[in-house]
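Chain letters run A, B, ... following the sequence lines, proteins first, then strands; residues in each count from 1. We use all heavy atoms of the structure for the numbers below, so side chains are in, but hydrogens, waters and symmetry mates are not.
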Number of protein chains: 2
Amino acid sequence: MTYRAPVAEMAFTLRHVAGLDRAIAEGLHGDLSDDLVDTILEEAGRFANDVVAPLNKVGDRHGTPLEDGVVTMPPGYREAYRAWTEGGWNALPGPVEYGGQGLPILLNAACIEMWNSAAMAFGLGPLLTAGGVEALSRHGSEELRSRYLEKLVSGEWTATMNLTEPQAGSDLSVMRTRAEPVGDGSYRISGEKIYITWGEHDLTDNIVHLVLARLPDAPPGTRGISLFLVPKVRPDGSRNTLKCAGIEHKLGIHGSPTCTMVYDGATGWLVGEANRGLACMFTMMNNARLGVGLQGVAIAERAYQQALSYARDRRQGRASTAADGASAIIDHPDVQRMLLTMKALTGASRGICYLTAEAIDRAHRAPDEAARRSAQARASLLTPVAKAFSTDIGIEVASLGIQVHGGMGFVEETGAAQHLRDARIAAIYEGTNGIQAIDLVTRKLPLENGAVVRGQIGAMRLVAERVLKEGGPAFGHTAPRLRETIEALDRATSYLLKALGSNRPDEALAGATPYLRLFGLAQGGTCLAQSALAANAASKAGDGDPAHPARIALARFFAENLATASRGLEETVIGGGGFLQDGGLALAG
Amino acid sequence: MTYRAPVAEMAFTLRHVAGLDRAIAEGLHGDLSDDLVDTILEEAGRFANDVVAPLNKVGDRHGTPLEDGVVTMPPGYREAYRAWTEGGWNALPGPVEYGGQGLPILLNAACIEMWNSAAMAFGLGPLLTAGGVEALSRHGSEELRSRYLEKLVSGEWTATMNLTEPQAGSDLSVMRTRAEPVGDGSYRISGEKIYITWGEHDLTDNIVHLVLARLPDAPPGTRGISLFLVPKVRPDGSRNTLKCAGIEHKLGIHGSPTCTMVYDGATGWLVGEANRGLACMFTMMNNARLGVGLQGVAIAERAYQQALSYARDRRQGRASTAADGASAIIDHPDVQRMLLTMKALTGASRGICYLTAEAIDRAHRAPDEAARRSAQARASLLTPVAKAFSTDIGIEVASLGIQVHGGMGFVEETGAAQHLRDARIAAIYEGTNGIQAIDLVTRKLPLENGAVVRGQIGAMRLVAERVLKEGGPAFGHTAPRLRETIEALDRATSYLLKALGSNRPDEALAGATPYLRLFGLAQGGTCLAQSALAANAASKAGDGDPAHPARIALARFFAENLATASRGLEETVIGGGGFLQDGGLALAG
């Protein structure tokens, strides 16, 4: 079973959940038409299915061996990457003035999902390049922009993000890499960076490293970190003094080289202001976080497709509904529950990620400042949820995919296990999911004194009310379950805002992870309900597409089976912090 | 960080949760003394720490290559296995008349946990041998018993279970392997079996295969399956006509060979009655299911120890409670939550497994028939929970262990990832966890018209009431949360019994998996509360062991943070079956 991009489902979600239709109608995307959106999705789907998907297993098996500083990418990667850039896929969201197509982040989000479903290790590299484009566009000098942006936009060169050092992971304040001014506007960068994705490879002639480092006179901590552009090949064509000194042997994404990079007085240039590197890096990371969330959706979608296909073919036992002989295992209620859980979590996280992408587009493109600022706040709020919820469920769905396969799932040949191995990193990189939860609670909830999160909860309530009014019997208990979930989120939100306002940050921190999950259930359930409402309207209008009743049934399944966790999560957020008082006493014994 | 057997915690759980003290006081275990129990646990712990634990990574790296039908076990396995059998560890629970020590299954459960924490791939083989001893003791002819039991009890030879064929996994009715009577009391066995754990290896001179096959005149389906003993080496010293034709390349337990076995007219002998093979195999599998549950506990314990150690060493960021400088990450509330979740789930599942083992002991050893039958019913009820809940949490805890490590967790060198890879199989083999849930709901709940499950729920209630009466402020909201969980279980049980009684089996099947989880939370929370009550009593009596307050804090954490999921699970069991009506409609779109 290979991957087939779910183009129709993506298009439906873009339009009816994330609001692409409305954005187009409002003129936010220039002359972008519905037809063009469909054409792009179709073409991207074809490319993902036919060119990228075959790389998935190859990359896992071959890995990316390092010899004498040279990393050899898996067979087929080079050709596929070239076809990918030549097809214009790298340039899709890039700025028009540097050769990009300037298409919405939202449309690109669907494409990112496709590339990463097809082969996550392959799809990962371009995510980093996109982050580099973002950082350079916003903060780079005109010289750097004119020298690098066009080639990064096209994908002729790739970019990396260099943050982590052995002693500096989630806490970048203790970073040690140094940058010495040369006097001609350039710097010499020295230090060691670890976990550098695509830090070295043989797909392109040059690699543009964005490296955090300290200037000699920098203040200590995070306010003394600057961002530098350090190319593998200098503008004069000479090799820079940097190298890949090691490759990690990882659980998954074997087709993506994770490098230890050593900078030995390498030539670099400052990006943005001195000592403001972290801010520059964060603009880069916010989009990257959405990208990683999409990887969670992507791997979940692929694992679901594979499990569904297996469950339709594999015959074992006789279901109560079967006439005679062995049933396909999909006919057993417990297997149905697993598959529905996989599909519902995938759809919910897709909705959240696309919604986030739409907010980012609107933050850039809305005509008036207030709308832009409001959209930016919404994007800020949703980004940690998109990242963490989607990557958590990516792991859960991949693990369920193995379970559906039974013993076959544990055998590597089947391919189901690779999805779990690949999915596992997405909850860690670009800020662990714990960091996302802390970001959501301590930085995003307080935005505009809580008005941003309240506004989002209000929008969820409107959807639940519409389900109550418009939904027929096929919606079952979707409305009350969704409503309960949203109210649980509202109460948990009040509790956390109060804890933060009363200077009891640890209580908020203790509940951050279950709160983020609760947020994901409420928002995800709302997205599926929106999709179900649109499907219901289409069916009523005479559209006989069988996907419509399926959308209603999926929203119902989510509300009745998964969103039900909300009350327990609320209780945990509000009443679970007892362990703070005893200072981890339970861990002492 | 290597493994240290948590001997004191195990001993405490054996005595105060599973009731070993009471069983000894009642004279169920002959002259077994408290001192002897402690000595055995200490010695087993030393052996697990020093001899078995070092095999874990070696086994993962080397795997078990197959060449010309010969499987080479990883370096060190042979010596360790010999030391293990010579130390009498294989013989610990074995029947005295065949050289076993006849010690309680319960005591052995703690030892099984240790071997599997130390190296799951190593611990797995002896679990199969123990199953073979069980089947042969109960169902083998005197000739077979005298020929094979002594060597299986000592571990001089190992045993295997041969059930699965490519087309026959969870559904054994479609099995094809044949057995032709030779006329001299022996049979010729022909067929192909897959997923045969330790089917071939170089640790012992002989391997005793227990193989399900069909006699020529057998009725179709599961009532035409017989069990045969098929040795690798025949009694006359000649090699039997069977071989290992392949080895699976698996996600984990690389140190345990998973073989495709081909029987080509191999000599075998009938075990038990003709066509009753499945019943024989099930006696073997029930104990094996508890053993696999213990693997879940084991891998969770090891993953927890490793994460705890890392979290104490690794410094990142400053916790709000810290005076100055970087804090150990264990001081961050979110990391504490992860570690506490790991420890609480591990302790809860340990309690459930030990409780199950005690019921099995009592079913064999109680002086009167009624007590034996009642204990057997309890063991039957608890076994699927012990297997499925423990192996589910094994995966969850191992995955959390990776998360605590951040990026380091994704790098194989760290060892955290191996635990997840190893843990994943335990939810699949010996009956998938879905099969366990179905077994629990459709076969175990109806036992004695529901009186068995009601009795178990009643026992849980007594513990919750004791917490309410005896528990001081350190117990926080343990009592109400535990009580709610138990009542949710009670209501869900009523619903399922009613569905089964009203001939609506699919409704029960649809809720089976969330019901098993709910059962595990109620029973696991009860076990931790029992441990906390005993700790509380000891503290009050002047015992200053810091493990006592830790036990109370852990029970509290579980009740306030994890058992809170119970209401949602109840709602899902009772209200989640809507997908049955639309026949998987949501999967169609």
*Asks:* Measure up the A/Phe579 and B/Phe557 rings against each other and bin them: parallel (under 30°), tilted (30 to 60°), perpendicular (over 60°).
*Replies:* perpendicular

*Asks:* For the candidates A/Gly407, A/Gly476, A/Ala555, which exhibits the highest count of non-hydrogen atom pairs separated by less than 4.5 Å from chain B?
*Replies:* A/Gly407

*Asks:* Locate the shortest heavy-atom distance separating B/Ala474 from B/Ile552; write the atom from each residue and the value.
*Replies:* O-CG2, 3.7 Å

*Asks:* Under 4.5 Å between any side-chain heavy atoms of A/Ser566 and A/Thr564, yes or no?
*Replies:* no

*Asks:* Is the CZ atom of B/Arg567 crowded by more than 12 outside heavy atoms at less than 6.0 Å?
*Replies:* no

*Asks:* For a 4.5 angstrom cut-off between non-hydrogen side-chain atoms, does A/Arg424 reach B/Leu420?
*Replies:* yes

*Asks:* With chain A as the partner, which of B/Asp334, B/Leu251, B/Val174, B/Ile194 has the greatest number of non-hydrogen pairs under 4.5 Å?
*Replies:* B/Leu251

*Asks:* With a 4.5 angstrom heavy-atom cut-off, could you sort out which part of B/Ile329 is near chain A: side chain, backbone, both or neither?
*Replies:* neither

*Asks:* Please determine, among A/Leu509, A/Leu554, A/Asp506, A/Thr432, the option with the most heavy-atom pairs under 4.5 Å with chain B.
*Replies:* A/Asp506

*Asks:* For B/Gln167, does the CD atom sit with more than 12 other heavy atoms under 6.0 Å from it, leaving out its own atoms?
*Replies:* yes

*Asks:* How about A/Tyr515 and A/Thr572: do any of their side-chain heavy atoms sit closer than 4.5 Å?
*Replies:* no

*Asks:* Count the heavy-atom pairs under 4.5 Å between each of B/Gly511, B/Ala512, B/Pro6, B/Pro549 and chain A, then report the option with the highest count.
*Replies:* B/Pro549

*Asks:* Using non-hydrogen atoms and a 4.5 Å limit, figure out which bit of A/Ala168 sits close to chain B: side chain, backbone, both or neither.
*Replies:* backbone

*Asks:* Sequence neighbours excluded, which residues qualify as side chain to side chain contact (heavy atoms under 4.5 Å, CB included) partners of B/Arg504?
*Replies:* B/Ala499, B/Ser502, B/Glu507

*Asks:* Taking side chain as everything from C-beta outward and backbone as N, CA, C, O, which of these in B/Leu569 sits under 4.5 Å from a heavy atom of chain A? Side chain, backbone, both or neither.
*Replies:* neither

*Asks:* Is chain A contacted by the side chain of B/Arg337, its backbone, both, or neither, given a heavy-atom distance below 4.5 Å?
*Replies:* both

*Asks:* Using a cut-off of under 4.5 Å on heavy-atom pairs, state which of B/Pro505, B/Ser173, B/Gly252 scores highest against chain A.
*Replies:* B/Gly252

*Asks:* Under 4.5 Å heavy-atom distance to chain A, tell me which part of B/Glu248 shows up: side chain, backbone, both or neither.
*Replies:* side chain

*Asks:* Looking at A/Gly409, A/Ala416, A/Ala565, A/Ala427, which one has more heavy-atom pairs under 4.5 Å with chain B than the rest?
*Replies:* A/Ala427

*Asks:* Report yes or no: does A/Asn433 contribute a side-chain atom to a donor-acceptor pair with the main-chain N or O of A/Ala388 at less than 3.5 Å?
*Replies:* yes

*Asks:* I want to check something: taking the side chain as every heavy atom from C-beta on, are B/Leu521 and B/Phe558 in contact at a cut-off of under 4.5 Å?
*Replies:* yes

*Asks:* Measure the shortest side-chain to side-chain distance between A/Val404 and A/Met342 over non-hydrogen atoms and say whether it is less than 4.5 angstrom.
*Replies:* yes

*Asks:* Can you tell which part of B/Met338 gets under 4.5 Å to a heavy atom of chain A, answering side chain, backbone, both or neither?
*Replies:* neither

*Asks:* Can you tell if the side chain of A/Lys343 reaches within under 4.5 Å of the side chain of A/Glu9, non-hydrogen atoms only?
*Replies:* no

*Asks:* At a heavy-atom separation under 4.5 Å, does B/Tyr195 approach chain A through its side chain, its backbone, both, or neither?
*Replies:* side chain

*Asks:* Under 4.5 Å heavy-atom distance to chain A, tell me which part of B/Ser399 shows up: side chain, backbone, both or neither.
*Replies:* both

*Asks:* Looking at A/Glu412, A/His548, A/Glu560, A/Arg551, which has the largest count of heavy-atom pairs under 4.5 Å with chain B?
*Replies:* A/Glu412

*Asks:* Pick whichever of B/Thr258, B/Leu340, B/Leu172, B/Leu339 has the most heavy-atom pairs under 4.5 Å with chain A.
*Replies:* B/Leu340

*Asks:* Can you tell which part of B/Ile395 gets under 4.5 Å to a heavy atom of chain A, answering side chain, backbone, both or neither?
*Replies:* side chain

*Asks:* Tell me, do A/Met408 and A/Arg314 make a side-chain contact under 4.5 Å, heavy atoms counted?
*Replies:* no

*Asks:* Just give me the residue among A/Pro333, A/Ala417, A/Gly568, A/Ala553 that pairs up with chain B most often, heavy atom to heavy atom, under 4.5 Å.
*Replies:* A/Pro333

*Asks:* Could you tell me which portion of B/Ala437 (side chain, backbone, both or neither) has an atom closer than 4.5 angstrom to a non-hydrogen atom of chain A?
*Replies:* neither

*Asks:* Picking from B/Ile253, B/Thr513, B/Leu308, B/Ile402, which has the most non-hydrogen pairs under 4.5 angstrom with chain A?
*Replies:* B/Ile402

*Asks:* Sort out for me which of B/Arg481, B/Arg556, B/Gln403 touches chain A most, counting heavy-atom pairs under 4.5 Å.
*Replies:* B/Gln403

*Asks:* For chain B, find which of A/Arg315, A/Arg421, A/Glu413, A/His405 contributes the most heavy-atom pairs closer than 4.5 angstrom.
*Replies:* A/Arg421

*Asks:* So, does B/Glu484 use its side chain to make a donor-acceptor pair with the main chain of B/Ala563 at under 3.5 Å?
*Replies:* no

*Asks:* Does any heavy atom of chain A fall under 4.5 Å from the side chain of B/His477, the backbone, both, or neither of them?
*Replies:* neither

